[in-house]
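For reference, the structure is listed below as structure tokens.
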Amino acid sequence: MYFFYFAIRRAHYKWYTANTTSRIRIVATGIFTAGVLLFTFIQCSALFSLSQEKVVKYTLPKGEDQDEGNPAKMRLKIKQMMLHAWRNYARVVWGTNEFRPVSRRVHAGSDFGTHKLGATIVESLDTLHLMGLFKEVNRSRDWIEKSFSLDRVDEALSVFELTSRLLAPMLTLYSLTGDLLYKDKAIHIADKILPAFDTATRIPRRLVVPKDGSTLTKYLDDVSRTSEFGALHLEFFYLSEITGSSVYKDRVEGIRQRLTTIEKPNGLYPNAFCTKYGKWENYNSSMNRFYDCLLKSYLQSGKVDLQTADLLKNDMLAVAQNLVVINPEGVTYVSDMRNSTLNHRMKQSDCFAGAFFVLGAAETLIKHWEKYAQIGVGIVDTCHDRYWESSTRLGPEAFAFTEEAEKELVPLQRNFYMLRPEVVESYLVLWRMTHDPKYRNWGREIVMAIEKYCRTPNGFTGIMDVNNRSADPDDVQRTFFLGATLKYLYLLFSDDEVISLGEWVFNSAGHFLPIKGANAKYRQHNLTN
């Protein structure tokens, strides 16, 4: 204590007896010393964080054997991943849409534009509720009540993304809780989407400008994607059910009516439709969510919508005959078709097709249903193999199945991984349908790979090359990672009664809605008022 006292007295004496030059030297020395101390502190903090991250990355595989056959431990691990992702988003960029966990800033290029719509907050709601993280749910609810609005959004947003990733979670939380706030916000979102349906063909435009009277509306494109406008049915149908207003259901039923009367080359729905002239833009076709939506809307009705069931069976046959390939090596995949020719490439986002064929076969008992189920199982096997064949055990964005397709794909640089949910979506459905333990094992593989290659001190990020264990991160924690990927993984290791497939249907973005007549949480208007 006396040492510091005399040191301060000595410094005080030197200061008042020194000339101007000496004082400048003393100040400069002090500033330099403080700078060195600050720099040293920052470097030490960074090294400590890095060491902690390495501990997480390289100790988790050691515990993998302990988690073998233990679903409770896997659920806990996935829950911890959810908290790591959500809390870092909340701490750094709360209220914005998506987070860049490496650079610790907002991701301005998200699917939801530049306005603060809290997309991560909204998409995470049902995952947090499912995991019992009610403190985080309540904080999210408070933000939604005070801040969520589309009234001032003067930019074009995707009708599909607004519906599947913002409207749907509001409907899910209303079903789970009965909280009228979520119902009101769902109505608010849907009402902002409705102007997109004001076209000559009743097929909605791909984009909509939520702000009333915006001059941007007249510049919107007239071409819409079948995979998007065809997948709006679940949310709009259920919204009419809980409000008693048929306006929402009428809009999506108008889409169905239009598509049932239009020409379908080879029984398929091409990828793009002109909402102005009522024609397909071309005849290029792919596996898309419209087919899946037919299945889910049939289930949502309590399997009483027989017209949709018939349409679904015809479409399953058309896809199986025209897009599904089983090559001489026994590899099953669903190919894109360009100019009436298969290109033998498949997007990772098409891996939902495995669940579609298996669930569709089981629920419709379509003629030769066993063959459709085998197609689904084969597609899931193929998607898993593409993960397993990479050095990181993560799957690329696109797969090629012939030498020519591989040559065409290489320049496109589609080896990145962006935390997609479709593969684990199929794992979940096939686990629930078969209880084959391989699907849980495959889910565990993905959890470990994400932890090892995608986890950062501030969240999770995709990687730029799945075949490079030192690949750079893409520095984006996408909302669907919290809203779908982690949810499917958590359910994969949960009991079948947790969000039972007999009581709930999942929309295209992984949000679940109740089945009519089978679920007590189906909050139909005339039964709740």
Side-chain angles (χ1 to χ4, degrees), residues 71 74 286-289 291-293 295-296 299 312 315-316 319-320 323-327 329-336 344-364 366 368-390 392-401 417-450 466 480 484-494 496 499 501 505-506 508-510:
M74 287 305 300
S286 304
M287 185 67 202
N288 67 62
R289 283 288 185 176
Y291 304 111
D292 188 54
C293 188
L295 169 60
K296 302 297 180 58
L299 298 178
L312 169 64
D315 292 342
M316 288 179 67
V319 172
L323 299 181
V324 171
V325 178
I326 304 177
N327 69 15
E329 291 76 31
V331 176
T332 304
Y333 56 94
V334 56
S335 172
D336 294 338
H344 299 283
R345 299 203 306 254
M346 177 180 173
K347 302 180 291 294
Q348 184 180 160
S349 59
D350 291 341
C351 285
F352 78 88
F356 165 75
F357 276 109
V358 172
L359 189 60
E363 295 291 354
T364 65
I366 187 174
H368 304 304
W369 65 269
E370 302 96 333
K371 294 184 179 179
Y372 290 97
Q374 289 171 0
I375 288 172
V377 170
I379 290 172
V380 177
D381 287 348
T382 298
C383 291
H384 168 261
D385 290 346
R386 290 302 179 268
Y387 269 65
W388 188 253
E389 290 165 0
S390 79
T392 60
R393 301 292 190 253
L394 295 169
E397 183 68 4
F399 318 141
F401 298 94
Y417 171 73
M418 51 192 294
L419 305 169
R420 279 196 176 279
E422 290 83 4
V423 172
V424 289
E425 174 185 356
S426 283
Y427 290 175
L428 169 63
V429 172
L430 268 68
W431 161 254
R432 291 279 179 96
M433 301 297 290
T434 69
H435 279 198
D436 187 329
K438 73 179 182 181
Y439 297 112
R440 278 187 167 176
N441 292 335
W442 293 352
R444 185 179 294 107
E445 290 170 5
I446 290 182
V447 169
M448 296 304 172
I450 291 174
V466 298
F480 54 67
T485 306
L486 291 178
K487 180 191 295 134
Y488 285 135
L489 285 168
Y490 187 83
L491 288 172
L492 178 61
F493 295 97
S494 300
D496 290 359
I499 314 300
L501 296 183
V505 290
F506 287 89
S508 55

Closest approach of [X] to [Y] (non-hydrogen atoms, all atoms of both residues):
| X | Y | value |
| --- | --- | --- |
| Val505 | Lys296 | CG1-O, 3.9 Å |
| Arg440 | Pro71 | NH1-CG, 3.3 Å |
| Leu394 | Ala449 | CD2-CB, 3.6 Å |
| Leu430 | Ala355 | CD1-CA, 4.0 Å |
| Glu422 | Arg289 | CG-NH2, 3.8 Å |
| Leu323 | Ser286 | CD1-C, 3.7 Å |

For the residue pair [X] and [Y], establish whether any side-chain heavy-atom pair is separated by less than 4.5 Å.
| X | Y | value |
| --- | --- | --- |
| Ser426 | Tyr488 | no |
| Val424 | Leu428 | no |
| Phe357 | Val324 | yes |
| Phe352 | Val429 | no |

Can you measure from [atom1] ([X]) to [atom2] ([Y]) and round to the nearest 0.5 angstrom?
| X | Y | atom1 | atom2 | value |
| --- | --- | --- | --- | --- |
| Cys293 | Leu312 | SG | CG | 10.5 Å |
| Ser390 | Asp385 | OG | CG | 11.5 Å |
| Lys487 | Phe506 | NZ | CZ | 7.0 Å |
| Thr364 | Leu299 | OG1 | CG | 9.0 Å |
| Tyr372 | Met316 | OH | CE | 6.0 Å |
| Arg420 | Glu397 | CZ | CD | 4.5 Å |

Determine yes or no for a side-chain-to-main-chain donor-acceptor pair under 3.5 angstrom, with [X] supplying the side chain and [Y] the backbone.
| X | Y | value |
| --- | --- | --- |
| Thr332 | Ile326 | no |
| Thr382 | Val331 | no |
| Arg432 | Asp496 | yes |
| Arg393 | Tyr387 | no |
| Thr392 | Val466 | yes |

Between Trp442 and Tyr439, ring centroids under 6.0 Å: yes
When Ile379 is tested against each of Met346, His384, Gln374 for side chain to side chain contact (heavy atoms under 4.5 Å, CB included), which residue passes?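 That would be Met346; it is the only one of Met346, His384, Gln374 passing the side chain to side chain contact (heavy atoms under 4.5 Å, CB included) with Ile379.
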Residues forming a salt bridge (Lys or Arg N to Asp or Glu O under 4.0 Å) with Asp350, sequence neighbours excluded: Lys347
Quick one: sort the Phe401 and Tyr333 rings into parallel, tilted or perpendicular, breaks at 30° and 60°. parallel
Partners passing side-chain hydrogen bond (donor to acceptor under 3.5 Å, both in side chains) against Arg345 (at least two apart in sequence or in another chain):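 Arg345: side-chain hydrogen bond (donor to acceptor under 3.5 Å, both in side chains) contacts with Glu408.
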Is the NZ atom of Lys438 crowded by more than 12 outside heavy atoms at less than 6.0 Å? yes
Could you give me the CA-CA distance, side-chain angles and deciding distance for Glu445 and Met448, then say whether side-chain contact (heavy atoms from CB on, under 4.5 Å) is met? CA-CA 5 Å; Glu445 290 170 5; Met448 296 304 172; 6.0 Å; no
